[in-house]
Amino acid sequence: MKLAIFPGDGVGPEVTAQARRVLERIDLPGLTIFEGDVGAAAFRRQGHPLPAETIAMAQAADAVLFGAVGDPECDRLERSLRPEQAILGLRQELGLFANLRPASVFAGLEDLSALRPEIARSIDLLIVRELGGDVYFGAKGIDKRADGEREGWDRMAYSEHEVRRIAHVAFRAASGRNRRLTSVDKANVLETSQLWREVMIEVAGEYPDVALDHLYVDNAAMQLVRAPGQFDVIVTGNLFGDILSDQASACVGSIGLLPSAALGERQTAHGTFGLYEPIHGSAPDIAGTGKANPLAAILSAAMLVRHSFSRESEAARIERAVAGTLAAGLRGADLGGHDGTQAVGDAVLARL
Ligand code: NAD
Ligand code: IPM
Ligand code: MN
């Protein structure tokens, strides 16, 4: 089992170090770990945020564990050299179009949600975010018009096959859960969303056991804080999924708790190839303070073990150890406590 770890910037190395300890502790025979450079760290060492050797390392692996990229000092670089291009480039190079972002409230954390506890308790949802298209990967630019005015623009587009393949991922996920799928779009304004909705309805015909409904994204954002318990699986485009998943994390308690899996079509000898990362970024405001919550990274490692190494029992063991750690009262600063990154990692390891 070959695993590539790309720690990246800011809190990325701090949280992936804890996830690595967890992966080394559980029973994964023949696990080999390689570490590679991404983001501002890679730019400083090698002159590019996504060096060719990092891409090659990912392609040779069965799975990638990713920390985070982003550095305020790099925000004025030309776009192709910015740290964020590392994660966007990996998703594209590796054909990772399906992003699973589960969100549910851990027992004992109901009071730490941004929502009232009785509302928070009901949250058990999965966001299926399309990851390979939308306004993220279209042409873009800042042009000077004839009248001297500058104009910024980004092309938003989805082709039929891109919507169809993410629809199948979402319907299959809903079939294995509570068989309710909500497609989130902005079809009242955007033609991209009109096609999205039409294709979702077409694919629904193949999944008679799943109930499909549609929400406009503004309403979805409102429903997510008003009554999040109504959602089982949400499927949405790249941009809306990015925004709604950060919002879901605050409903659960902290962005330091939400993991993700980016999957494509490639199968390896051990499972589905994938890239796993917390949904949060490099958190420059707390980097180096030892305060970052490593649980999103550790839960990402659990998803990795489940999908890419096909070890359901070991994945569930990690998730139980995380739940147990929280139930025992360990809390980082993001959850109103004082336990640091290392202490939380130690507690999870002790439970394993
Ligand atoms: P962020 O997710 O890094 O941080 C948002 C807030 O959440 C900050 O207050 C931060 O301290 C807090 N936070 C994040 N992770 C935490 C953790 N594990 N424990 C405790 N608190 C945590 O988002 P941002 O500030 O908008 O972006 C910072 C940089 O990260 C930017 O350069 C951005 O582009 C990048 N980014 C990268 C990724 C990625 O690598 N996948 C994801 C999001 C943002
Ligand atoms: C995420 C991040 C990335 C995204 C950025 C860093 C490119 O916000 O993974 O949620 O927008 O996809
Ligand atoms: Mn994001």
Side-chain angles (χ1 to χ4, degrees), residues 6-19 38-43 49-50 64-77 79-92 96-101 103 112 114 127 129-137 140 154 236-250 252-262 275-300 322 330-345:
F6 301 152
D9 307 320
V11 301
E14 301 167 29
V15 298
T16 48
Q18 300 306 321
V38 288
F43 177 74
L50 182 58
V64 176
L65 180 69
F66 191 94
V69 289
D71 184 326
E73 281 181 25
C74 296
D75 287 347
R76 310 216 54 105
L77 289 172
R79 189 163 296 280
S80 67
L81 293 177
R82 289 199 207 161
E84 290 84 353
Q85 295 304 310
I87 186 61
L88 297 173
L90 280 169
R91 290 171 183 166
Q92 206 166 33
L96 304 172
F97 66 86
N99 195 198
L100 311 182
R101 298 187 160 194
L112 298 172
I127 297 179
R129 172 192 178 194
E130 201 289 330
L131 203 59
D134 201 351
V135 73
Y136 272 67
F137 294 102
K140 54 187 75 232
D154 301 84
T236 189
N238 207 345
L239 182 63
F240 301 154
D242 179 43
I243 298 166
L244 293 179
S245 54
D246 269 31
Q247 188 180 334
S249 76
V252 163
S254 165
I255 194 164
L257 291 173
L258 288 208
S260 79
L275 180 150
Y276 303 82
E277 56 172 334
I279 76 156
H280 65 73
S282 57
D285 54 335
I286 59 164
T289 66
K291 288 186 185 158
N293 186 342
L295 294 178
I298 292 172
L299 291 167
S300 299
V322 168
L330 257 86
R331 306 271 183 272
D334 58 322
L335 295 170
H338 301 286
D339 298 308
T341 312
Q342 183 76 24
V344 174

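Side-chain atoms are counted along with the backbone in the values below, which use heavy atoms only and exclude waters and symmetry mates. Values in this document were obtained by computation on a predicted structure and should not be read as measured data. Indexing begins at 1, ligand by ligand and atom by atom, following the structure's order.
- Checked against the Mn ion (ligand 3), the N, O or S atom of Asp242 at the shortest distance is OD1.
- Counting the atoms of ligand 2 from 1 in the order shown, those under 4.0 Å from a heavy atom of Glu84 are 6 (C).
- Checking only distances, Asp242 does come within under 3.5 Å of ligand 2, N or O to N or O.
- Not a single heavy atom of Val11 sits under 4.0 Å from any atom of ligand 1.
- Checking only distances, Glu277 never comes within under 3.5 Å of ligand 2, N or O to N or O.
- Here the protein heavy atom with the shortest distance to atom 3 (C) of ligand 2 is Arg91 NH1, 4.1 Å.
- Among all protein heavy atoms, the one lying closest to atom 7 (C) of ligand 2 is Leu88 CD2, 3.9 Å.
- At least one heavy atom of Ala292 sits less than 4.0 Å from an atom of ligand 1.
- Distance remark: protein heavy atom present below 4.0 angstrom from atom 1 (P) of ligand 1.
- The protein does not reach atom 27 (O) of ligand 1 closely, with no heavy atom under 4.0 angstrom from it.
- At least one heavy atom of Arg129 lies less than 4.0 angstrom from ligand 2.
- Ligand 2 is approached by Arg101 to a heavy-atom distance shorter than 4.0 Å.
- In terms of protein heavy atoms, atom 33 (C) of ligand 1 is closest to Glu84 OE2, 3.5 Å.
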